Amino acid sequence: MNIIKEIKSERVGDKYYEVEHSSGLKIFIYPKENNNSTYAVFGTKYGSVDVSFKTSDEKEANTVPAGIAHYLEHKLFESEDGDAFTRYAKTGASANAYTSFDKTCYLFSCTENVYESLEILLDFVQTPYFTEQTVQKEQGIIGQEIRMYDDDPQWRVMFNLLRAMYHNHPVRVDIAGTVESIAEITPELLYKCYHTFYNLNNMVLCVAGNVDLNKVLDLCDKMLKPSKPVSLERIFENEPDEILESRVEQKLSVSAPIFQLGFKEHTVPERLSAKEVAETEILLDLLASDASPLFRRLLDAELINESSFSYEYFEGPGYASVIFSGESKDPDAVSDEIKKEIAKVRDHGLNPEAFERSKKAVYGRMIASLNSVDNIANSMAALAFTGHELFHYIDLIAAADIDSVQARLNTQLRPEYSALSVVNPIN
Amino acid sequence: MIGIEQRSVCDGVNFRSIKDTKFKTVRMSVNFMLPIQKSTAASNALLPFLLSRASSEYPDFTKLGERLAELYGAEINADVQKLGDVQLLSLSASGIADRYSLSGESISTELSKLLCSIIFDPPFENGLFPKDGFEQEKRQTIELIESEYNDKRTYAKQRCEEIMCAEEPYGINRYGSKDAIKNLKREELTQAWQYLINNAKIEIMVLGDCDPTLVFEGFYNAFKKLNRTSTVDCPTKNIKKADKVNDVVEKMDVAQSKLVLGFRTAVAIPDEEVEAVKLMTALFGGTPNSKLFLNVREKLSLCYYCSAQYLSMKGIMLVQSGVETKNVEKAKQEILLQLDEVKKGNFDEDEVNAAKLSICNSYRSVSDSLGSLEAWYLSQTFTNQIKRPDEAAAIINAVSRQEIIDAANHVTLDTVYRLLGSEEETE
């Protein structure tokens with residue numbers, strides 16, 4: 001039996017369906033009748049950080065090579081009789097996949113043949129096929145993907161920062177692994193990881209666009225192979241609150257220094273609440289958006305530029321930090337200014353007018369993001385894995401109060417746990 | 001699909017709108033088109049950035065930012081692009097639809113006023129743009145030009161275009177040169193602004209959930225005061241054939257080498273054969289089922305990306321790849337070999353259909369995004385007859401096998417650009 005729940009938002013004027021499918025899969029369907037395109041994501045809560053794990057049937061924990069989740073993503077497209085792209089070629093869908101720290105998602109977008117495309121998606125993700133030869137072939141391709149990222153200053157400055165902040169957590173390791181670590185990957189290891197994490201109880205399907213609920217469910221009834229519920233233990237070494245190094249540097253072919261300043265937070269295995277995340281989003285807008293006094297000071301001092309300065313709340317299983325990034329002739333001066341502003345806000349409290357503005361800005365951007373079926377489907381998948389709900393999240397933003405947002409500073413943006421990563425020009 | 005409405009504002013100024021309430025936002029943009037020239041590229045490029053930062057009503061950058069935040073995180077953006085030999089300077093405003101405002105204000109009316117005022121009513125001091133904003137934008141534009149060096153994939157592509165089109169206006173950087181930006185005087189900017197509003201070819205677009213009539217009236221009145229009498233012609237030079245191959249090697253300290261091949265296709269907008277060349281490019285290297293993806297990447301495992309792109313405004317095709325230094329020649333040979341296969345007609349119906357489905361899928365998706373709609377109709381302004389995406393899809397579907405072969409046989413290799421890293425071999 002499938003259990004169907006309708007989730008509606010008066011505020012947004014939209015609704016979607018959350019389905020607990022009898023196979024164990026959670027399905028989200030967000031209809032947009034006036035759209036031409038439909039976007040579907042079939043994802044598993046399995047990312048680059050899941051390198052040590054144990055199922056309830058096992059006595060010993062497994063430790064697998066870095067980059068294996070991403071490698072698996074590449075290889076899953078192949079089956080015994082050709083690859084998924086060849087099949088999608090007949091429906092016209094544009095297909096892709098991505099692996100992040102905490103999830104792997106397979107997706108397509110199409111304007112015709114929606115159900116045929118969805119059938120391909122559900123089929124190939126449930127049908128692994130790995131051989132010595134096909135695994136070997138991918139070494140060259142992923143090897144070049146890794147080399148491409150070696151030259152990407154934005155990517156390097158981020159991983160250098162993560163390595164400076166985290167002692168043990170695997171978030172410090174590149175998502176694609178290294179040329180050496182992927183050389184250890186075998187078909188057996190891929191099957192092991194596949195059977196552990198590609199269990200429908202650990203997965204989610206999100207479809208947004210011009211679709212019919214019942215047709216999607218009929219197809220799911222036909223295609224989904226029930227999975228036995230499994231209890232899965234992800235093993236993370238204990239991560240201290242302290243950072244490892246307060247400043248790290250690398251030289252690359254860049255025109256000007258690129259930086260990331262990270263503030264590490266104390267973390268527990270459970271994910272943060274939706275309320276905490278929403279409040280942080282408002283806090284960061286207030287502190288550093290282009291209407292903020294901090295932004296203006298940095299700009300006037302010629303320390304940042306509008307095209308590169310940004311901030312984000314980077315949080316996942318067992319890690320959370322606020323990261324400011326950009327390009328600057330003097331990253332240390334930027335870091336000092338940001339820390340000064342944080343201290344000021346901590347001492348004097350938030351400006352109530354600026355708080356109201358930031359709240360409206362964050363709310364408006366959330367509403368705007370619901371134009372796009374890609375955004376909707378990907379957000380629903382990300383939220384499903386953290387146990388949060390899309391419309392509730394928007395309500396939390398609209399309802400945020402200044403004291404709670406101020407209180408986030410008790411655990412966030414502590415200068416003693418900050419690190420600065422800089423990529424400098426070679427000459 | 002919901003239709004596009006067109007009105008004429010005055011000589012050389014067009015107004016197009018699509019009102020579609022499926023969007024939760026509105027996007028309005030004023031797009032100025034001028035022939036790109038060495039002597040004016042820099043001053044023109046600075047204008048949209050300078051205009052977007054303030055108006056007489058909001059002379060202060062931060063105050064304008066605060067106002068936009070209050071309007072639920074609305075944005076005013078400046079952009080500079082090249083469409084063939086045309087420099088496209090855009091100012092746009094976007095925000096959520098009025099129905100989402102929490103206290104009943106009309107966001108779209110406010111945004112249309114703001115957009116009009118930043119363009120027509122800059123905060124002049126004695127007829128000049130304020131010095132601090134001017135210096136600030138000069139610095140930021142120079143940093144923007146410099147940062148093009150950081151992303152090696154984009155950098156290599158741009159270098160190839162620059163070298164290939166060195167004798168054509170298209171070879172000029174969209175922002176002009178760094179030196180030209182440095183040497184700009186405030187007086188020149190006032191002049192450039194005068195020329196921009198009085199003589200550029202202008203397309204105003206209003207898209208999404210808002211009544212375009214009010215926006216039209218605002219711009220109509222503003223332009224009426226100008227009394228425009230002449231509009232500059234915006235031609236693009238189409239060199240149909242390469243006489244010889246230009247071979248350029250540059251070295252850099254990078255992990256992965258880049259290879260970019262620049263071809264002349266003989267066909268550019270407004271030629272009838274544009275859709276045939278688009279289809280040929282997709283079959284050759286535009287999709288995961290294309291010859292380049294299946295052979296250079298999948299069969300030979302030489303790279304992570306190898307793809308072809310057709311720039312229909314300019315009539316050139318670029319093939320880009322990232323490979324090990326030792327494999328650059330091998331990749332180049334394979335790319336040329338695959339082009340020969342297309343020229344000889346060595347492709348089957350499945351490949352043709354896959355390419356057709358893929359292009360039609362992306363055309364039909366255009367109406368689901370305001371940004372895509374805007375880009376679509378801007379490029380259409382250079383065609384003989386404005387086509388909707390579904391009309392263009394019908395043309396794609398009617399392209400014959402022989403037309404693809406003919407299109408490929410008009411392709412000539414013009415420039416081979418290699419950005420080489422160290423010779424060191426990595427396994």
Side-chain angles (χ1 to χ4, degrees), chain A residues 13 32 34-37 85-86 89-95 109-112 137-142 144-145 147-148 150-153 179 252-256 258 285 289-291 293 296 299-300 302 305-308 327 357-358 360-365 367-368 370-373 398 426, chain B residues 1 20 22-25 61-62 65-66 68-74 94-96 99-100 102 132 136 139-140 143-144 146-147 149-153 252-256 287-289 297-298 301-305 322-324 350 353-354 357-358 360-362 364-365 367-370 426-427:
Chain A
K32 271 197 181 262
N34 297 320
N35 243 50
N36 275 348
S37 46
F85 286 122
T86 317
K90 297 193 168 54
T91 71
S94 160
S109 92
C110 68
T111 51
E112 280 183 338
K137 187 205 85 179
E138 212 66 19
Q139 299 273 347
I141 297 170
I142 297 182
Q144 284 312 306
E145 191 177 359
R147 303 291 272 168
M148 183 175 83
D150 284 343
D151 286 330
D152 183 338
V179 172
L252 278 175
S253 297
V254 291
S255 56
I258 288 170
D285 184 274
S289 78
D290 53 12
R296 179 58 178 271
L299 201 62
D300 285 350
E302 306 198 339
N305 56 49
E306 288 167 75
S307 59
S308 70
E327 198 187 286
R357 271 198 302 270
S358 288
K360 279 176 146 184
V362 173
Y363 161 80
R365 284 197 291 266
I367 296 284
L370 300 179
N371 267 347
S372 133
V373 286
I426 288 173
Chain B
M1 184 187 149
D20 189 343
K22 83 172 175 197
F23 293 104
K24 296 178 175 0
T25 56
F61 172 80
T62 303
E66 288 175 358
L68 290 166
E70 246 163 40
L71 292 170
Y72 304 93
S94 47
I96 54 173
R99 65 191 143 111
Y100 291 111
L102 297 170
D132 59 335
Q136 197 63 265
R139 171 184 72 88
Q140 295 202 72
E143 291 179 4
L144 211 51
E146 287 174 342
S147 72
Y149 176 75
N150 296 353
D151 178 347
K152 300 301 178 256
R153 184 171 173 168
M252 201 187 272
D253 199 346
V254 286
Q256 184 183 66
T287 74
N289 296 288
R297 173 174 148 142
E298 294 295 309
S301 297
L302 287 177
C303 59
Y304 173 64
Y305 71 91
V323 287
E324 288 289 335
D350 284 351
N353 288 335
L357 281 168
S358 163
C360 292
N361 185 48
S362 66
R364 275 191 302 262
S365 307
S367 66
D368 293 334
S369 141
L370 298 181
T426 45
E427 287 301 325

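In the text below, chain A, chain B and the rest are named by the order of the sequence lines, each starting its count at 1. Computed from a predicted model, the values in this text were never measured in an experiment. Only heavy atoms go into these numbers, but all of them, side chains included; no hydrogens, no water, no symmetry mates.
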> Does the salt bridge (charged side-chain N to carboxylate O under 4.0 Å, His left out) test come out yes or no for Arg296(A) and Asp290(A), once each step is laid out?
Replying inline: CA-CA 7 Å; Arg296(A) 179 58 178 271; Asp290(A) 53 12; over 6 Å; no

Side chain, backbone, both or neither: which part of [X] has an atom under 4.5 Å from a heavy atom of chain A?
{"X": "Leu71(B)", "value": "neither"}
{"X": "Lys152(B)", "value": "side chain"}
{"X": "Glu146(B)", "value": "both"}
{"X": "Arg297(B)", "value": "both"}
{"X": "Asn289(B)", "value": "side chain"}
{"X": "Ser369(B)", "value": "neither"}

Top residue by heavy-atom pair count (under 4.5 Å) with chain B, among [options]?
{"options": "Cys110(A), Ser94(A), Pro293(A), Ser307(A)", "result": "Cys110(A)"}
{"options": "Lys90(A), Glu145(A), Lys137(A)", "result": "Glu145(A)"}
{"options": "Glu327(A), Glu302(A), Arg365(A), Lys32(A)", "result": "Glu302(A)"}

>> Between Asp151(A) and Arg147(A), does any side-chain N to carboxylate O distance fall below 4.0 Å?
In response: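 Looking at Asp151(A) and Arg147(A), the cut-off is not met.
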
Check whether [X] gets within reach of chain B through its side chain, its backbone, both or neither, counting any heavy atom under 4.5 Å.
{"X": "Ile258(A)", "value": "side chain"}
{"X": "Ser372(A)", "value": "neither"}
{"X": "Asp285(A)", "value": "neither"}

> So which heavy atom on Val254(A) is nearest to which on Asn150(B), and how close?
Replying inline: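 Closest pair (atom of Val254(A), atom of Asn150(B), distance): CA-OD1, 3.3 Å.
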
> Of the listed residues (Leu357(B), Asn361(B), Leu302(B), Asp132(B)), which shares the most heavy-atom pairs with chain A below a 4.5 Å separation?
Replying inline: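 Of the options given, most contacts go to Asn361(B).
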
>> Strictly distance-based, threshold 3.5 Å: is any side-chain N or O of Thr111(A) a donor or acceptor partner for the main-chain N or O of Arg364(B)?
In response: no

>> Evaluate Lys360(A) against Glu70(B) for salt bridge (charged side-chain N to carboxylate O under 4.0 Å, His left out), listing each step before the verdict.
In response: CA-CA 6 Å; Lys360(A) 279 176 146 184; Glu70(B) 246 163 40; over 6 Å; no

> Are the side chains of Tyr72(B) and Tyr363(A) in touch, meaning some heavy atoms are under 4.5 Å apart?
Replying inline: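 Tyr72(B) reaches Tyr363(A) side chain to side chain.
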
